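No hydrogens, no waters, no symmetry mates; every other heavy atom, side chains included, goes into these values. All figures in this text were calculated on a predicted structure; none of them were measured in a lab.
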Amino acid sequence: RKVLSFKHAATPSFGPYALVLTPTRELAIQIARDATGLCKATRIRMACLYGGTSKAQQIKSLDFGVDLLICTPGRLHDLVNKPDKYTGQS
């Protein structure tokens, strides 16, 4: 309920309010496609991260903050454990 009543976009410092962890990229893409209409109607910012595509482009989708993050375990592991500009690790 709190996520649906949220009126302002998330900022990068807050991070996602909800995480949907999916075992495959096909499922992640399907969930993101189905959630797009709801997210637009409720002004929820969503990002979908999965392996097999450019990590840089997916990280860029996080730059303005997200409320809902849909991702696969491998890509989440990459972002958390490898140094890059998004995680702030050196």
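Here NZ of K60 is found 12.5 Å from CG of L62. Values are rounded to the nearest 0.5 Å.
With contacts defined as side-chain heavy-atom distances shorter than 4.5 Å, the pair S61/L49 qualifies.
If you chain together hydrophobic residues whose side chains sit under 4.5 Å apart, Y50 and V20 never meet in one group.
Contacts of L76 classified as side-chain contact (heavy atoms from CB on, under 4.5 Å), with partners at least two apart in sequence or in another chain: L19, L21, C71, V80. In this view, Q30 and L27, R33, D34 satisfy the side-chain contact (heavy atoms from CB on, under 4.5 Å) rule, not counting sequence neighbours. In this structure R75 satisfies the salt bridge (charged side-chain N to carboxylate O under 4.0 Å, His left out) test together with D78, sequence neighbours excluded. With sequence neighbours left out, the side-chain contact (heavy atoms from CB on, under 4.5 Å) criterion links A32 to M46, C48, I70. Scanning for side-chain hydrogen bond (donor to acceptor under 3.5 Å, both in side chains) contacts around T53 gives Q58, with sequence neighbours left out.
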Step-by-step side chain to side chain contact (heavy atoms under 4.5 Å, CB included) determination, L38 to I44: CA-CA 8 Å; L38 175 64; I44 293 174; 5.5 Å; no

Report the C-alpha separation of R43 and D67 in whole Å, then their side-chain angles, then the decisive distance to 0.1 Å, and conclude whether the side chain to side chain contact (heavy atoms under 4.5 Å, CB included) test is met. CA-CA 9 Å; R43 297 173 50 188; D67 300 312; over 6 Å; no

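Nearest heavy atom pair, residue G51 against residue T72, reads N-OG1, 3.9 Å.
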